[in-house]
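Naming: A, B, ... by sequence-line order, numbering from 1 per chain. Both backbone and side-chain heavy atoms feed into the values below; hydrogens, waters and symmetry mates do not.
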2 protein chains.
Amino acid sequence: MRMAKTAIPKIKDVARVAGVSAATVSRVLNHPETVAEPTRQAVLEATRRTGYRINLAARNLRRRRTGSIVVLVPNLGNPFFSAILAGIEMTFARHGLNVVVFDTQQPDVPPELVLEYLHNSRSDGIISLDGGIPETLLKNSGARSSLPPIIFACEWDANGDYPSVRADNFEGARMAVRHLAALGHRKIGHLQGPPGNVLTEARRAGMTAAICELGLELRREWFLGGSFALESGARAAIEWIDLKERPSALFCASDQIAFGLISELHRNGVYVPRDLSVIGFDDIDIASRFIPPLTTIRQPRTQLGAAAAELLLDHIEGRRDTGEPVREILPVELVVRGSTAQWPQ
Amino acid sequence: MRMAKTAIPKIKDVARVAGVSAATVSRVLNHPETVAEPTRQAVLEATRRTGYRINLAARNLRRRRTGSIVVLVPNLGNPFFSAILAGIEMTFARHGLNVVVFDTQQPDVPPELVLEYLHNSRSDGIISLDGGIPETLLKNSGARSSLPPIIFACEWDANGDYPSVRADNFEGARMAVRHLAALGHRKIGHLQGPPGNVLTEARRAGMTAAICELGLELRREWFLGGSFALESGARAAIEWIDLKERPSALFCASDQIAFGLISELHRNGVYVPRDLSVIGFDDIDIASRFIPPLTTIRQPRTQLGAAAAELLLDHIEGRRDTGEPVREILPVELVVRGSTAQWPQ
DNA sequence: ATTGCATCTGAAATCGATTACAGTTAGCCT
DNA sequence: AGGCTAACTGTAATCGATTTCAGATGCAAT
């Protein structure tokens with residue numbers, strides 16, 4: 001069977017088949033209520049028959065939009081971010097917007113490429129899961145302020161100039177410490193994230209606040225770590241072992257840190273929670289299946305992504321011009337599992 | 001300080017500033033060698049001065065392309081996929097193409113939305129990490145074959161109609177079994193992936209092939225599992241415990257399965273590798289930090305993503321019209337860690 | 001019957017870049 | 001000098017949809 005080399009049907013083809021003008025077809029597809037019922041049916045039928053699919057480039061050109069949202073992720077390999085991404089993605093898909101993912105910490109990405117993605121020629125809006133970008137961003141936007149709306153999710157910019165959606169990191173850290181204290185721990189240390197990171201600051205602040213409230217000891221040398229990654233926790237394990245006076249519990253700024261820590265301790269004959277209680281932050285999937293199952297602070301990941309997406313949509317549609325940037329803070333939850341235990345036993 | 005409400009500069013503005021026509025600006029930006037040196041410099045200077053950024057919608061409309069690549073991922077939350085994504089993404093970013101990620105197994109995604117993303121109105125090409133889509137895909141493309149080029153990565157379509165880039169799953173499974181046999185195991189079981197999945201089939205085939213080659217026993221009831229997820233492994237743990245005659249080693253079709261398995265066994269007082277050797281597949285980041293560190297088969301993830309991206313670029317650019325679909329198979333690697341041990345001890 | 005109004009539809013401009021084609025200029029050759 | 005070529009550059013058509021504006025139609029009210 002031979003087939004005519006079917007060209008891709010355009011709006012005019014649909015119009016011809018339906019016996020109307022291209023304008024009417026466009027109306028049926030975009031503002032159906034403005035078209036009379038019989039006409040509308042004819043157009044819909046023609047759309048079906050021709051197998052018409054809209055050309056997004058043409059629509060976007062005319063509408064002066066790009067039809068896509070850029071999401072800046074500090075590390076795609078981190079499962080914590082992928083879950084948030086899922087929430088973001090679902091929300092925008094429903095609105096017919098593409099989600100373009102960009103990993104800001106990929107090894108050989110030139111910084112000008114990141115800037116390229118920030119520009120409004122690339123997207124109708126930006127969600128950044130990376131709080132570190134604003135320096136480059138502001139430097140650039142000073143020159144020409146043609147940036148699309150930006151929302152920070154999870155992390156945020158230190159100056160607070162942009163709207164953000166985040167978990168209650170301060171309170172989460174506080175809950176973690178209070179949990180440990182409730183188990184009897186008096187010497188509590190902290191495995192921090194990367195220096196300068198807003199999450200690192202917020203969690204450390206919550207942690208120290210709780211320590212003070214409880215009247216516990218707080219030592220400089222009990223603050224270890226320096227990144228959210230597995231290996232940071234592993235390195236800290238050795239440091240903890242070498243400590244003259246060791247804390248009996250460690251609050252880790254991420255689940256990954258906790259895994260690295262527990263794993264390296266285990267290798268050195270130190271067992272959690274027998275010799276040390278450990279609590280994480282994030283509650284990534286594997287936390288419940290680690291050995292021991294990890295006690296942690298759960299962030300509402302999907303919800304976080306969805307909230308950021310909704311907020312960005314509001315900004316894009318101009319529904320949120322009110323001066324002060326919105327700052328949405330979602331509650332976190334303590335999930336008690338097996339990595340924390342009574343002390344002394 | 002007041003600022004003129006600067007409109008976004010267009011190619012005509014650049015042309016005016018440079019004292020040339022829009023066509024020349026376009027040429028400088030796209031085929032610089034066709035423009036005389038002084039003109040080119042003037043245009044580049046004007047581009048800088050005006051802060052011109054190209055309007056991608058306009059370019060794509062004229063070029064009849066979309067400028068984006070859709071990547072279909074079965075589950076973004078799985079860290080294995082995100083690593084591949086990183087490889088894909090980097091490659092396309094270098095070619096000025098957007099990567100649009102779409103999670104095919106998101107709970108409430110209507111199937112027609114997936115089809116929407118398959119269409120060439122949405123992208124210049126597709127990379128699918130999900131082997132399950134071709135049924136819907138073919139049904140649809142029968143009606144109108146206006147699909148952009150598709151490459152499968154990691155998974156592939158069962159009919160082999162499409163080009164693909166994948167790891168050597170058969171050989172990986174074989175290596176896993178041989179490793180276990182070399183440690184003295186004679187009764188080896190398998191925790192499979194979801195039924196019907198191409199990876200499930202390939203890995204099972206490799207596994208059974210190795211078992212036969214080695215002249216080992218193969219029992220129906222030693223094949224457990226049914227998904228690549230953590231919980232599938234956890235369920236299988238209970239089934240293994242309930243077995244009258246238990247295999248002394250299990251080859252898991254994914255690292256996640258292995259984690260779920262080991263975790264649930266541990267909870268029931270069964271220790272790996274003391275009571276059972278376990279080997280996984282994938283080598284996701286956390287594998288090296290699990291307790292015990294997981295012996296597994298490593299897939300070259302980033303490389304896999306990059307290879308798929310390159311192959312797709314070849315197809316898009318029409319460099320690969322040769323009849324038979326390309327099938328690139330990348331080697332895997334056995335990574336021996338602590339979850340497998342000599343048997344009997 | 002005429003006017004007025006509401007409802008619907010079509011013609012044409014428009015979005016911003018690319019590129020085929022044609023025109024200009026300078027340089028070279030005979 | 002005239003003609004020819006090569007090297008650039010400009011004009012204008014084009015990509016495919018949206019939307020403004022105005023025209024057409026039908027109905028109700030006077």
Side-chain angles (χ1 to χ4, degrees), chain A residues 6-44 46-47 50-68 96-98 119-124 146, chain B residues 6-44 46-47 50-68 96 98 116 119-124 146:
Chain A
T6 344
I8 298 169
K10 312 171 198 317
I11 201 168
K12 276 193 180 172
D13 301 315
V14 180
R16 189 160 18 76
V17 172
V20 299
S21 74
T24 299
V25 176
S26 174
R27 276 189 281 257
V28 169
L29 268 28
N30 297 296
H31 319 280
E33 71 286 358
T34 67
V35 177
E37 181 64 17
T39 319
R40 194 190 327 165
Q41 288 310 325
V43 170
L44 289 176
T47 313
T50 52
Y52 172 71
R53 317 240 89 201
I54 197 171
N55 180 320
L56 291 174
R59 159 186 285 182
N60 291 331
L61 173 58
R62 179 61 229 237
R63 291 209 175 144
R64 298 155 146 281
R65 307 189 329 157
T66 70
S68 32
L97 287 160
N98 279 345
H119 254 279
N120 66 353
S121 59
R122 255 298 180 9
S123 68
D124 296 333
S146 57
Chain B
T6 343
I8 297 169
K10 312 174 201 316
I11 200 168
K12 275 191 179 171
D13 301 316
V14 179
R16 189 162 17 75
V17 172
V20 298
S21 75
T24 299
V25 177
S26 174
R27 275 188 284 256
V28 169
L29 268 28
N30 297 296
H31 319 280
E33 72 286 358
T34 67
V35 177
E37 182 61 20
T39 320
R40 195 190 327 165
Q41 289 310 326
V43 169
L44 289 176
T47 312
T50 52
Y52 172 71
R53 316 240 92 201
I54 195 169
N55 179 319
L56 292 175
R59 160 186 284 183
N60 291 331
L61 173 58
R62 180 59 229 238
R63 292 212 174 142
R64 299 155 145 281
R65 308 188 329 155
T66 69
S68 34
N98 279 345
E116 173 65 31
H119 255 278
N120 65 356
S121 58
R122 255 300 180 10
S123 70
D124 296 333
S146 56

Write down the distance between [atom1] ([X]) and [atom2] ([N]), rounded to a whole number of angstrom.
| X | N | atom1 | atom2 | value |
| --- | --- | --- | --- | --- |
| A/Ile11 | C/dA12 | CD1 | C1' | 15 Å |
| A/Lys12 | D/dT14 | NZ | C1' | 11 Å |
| A/Leu56 | D/dC15 | CG | P | 18 Å |
| B/Asp13 | C/dA17 | CG | C1' | 13 Å |
| B/Asn30 | C/dG16 | CG | P | 17 Å |
| B/Lys10 | C/dA17 | NZ | P | 7 Å |
| B/Arg62 | D/dG16 | CZ | P | 10 Å |
| B/Arg53 | C/dA17 | CZ | P | 12 Å |

Distances under 3.5 Å between protein N/O atoms and the N/O atoms of nucleotides 7-9 of chain C, please, pair by pair.
| unit_1 | atom_1 | unit_2 | atom_2 | d |
| --- | --- | --- | --- | --- |
| C/dT9 | OP1 | A/Thr39 | OG1 | 2.1 |
| C/dT9 | OP2 | A/Ala36 | N | 3.1 |

Shortest side-chain distance from B/Ser26, nucleotide among C/dT18, D/dT18, C/dG16: C/dT18
Candidate nucleotides D/dG16, C/dT19, D/dA17, ranked by approach to the side chain of B/Ala23 - the nearest: C/dT19
Assign B/Ile54 to base, sugar-phosphate, or nothing according to its heavy-atom contacts below 4.0 angstrom with the strands shown. sugar-phosphate
For [N], does OP1 or OP2 lie under 4.0 Å from any side-chain N or O of [X]?
| X | N | value |
| --- | --- | --- |
| B/Arg64 | D/dG16 | yes |
| A/Tyr52 | D/dA17 | yes |
| B/His31 | C/dT19 | yes |

Under 3.5 Å, is there a donor on one side chain and an acceptor on the other for B/Asp124 and B/Thr66? yes
Nearest-nucleotide wise, let me know which of B/Gly19 and B/Leu61 is further upstream toward the 5' end of DNA chain D. B/Gly19
Report for the helix from C/dA1-D/dT30 to C/dT30-D/dA1: angle between first-end and last-end helix axes, five pairs each, rounded to 10 degrees. 60°
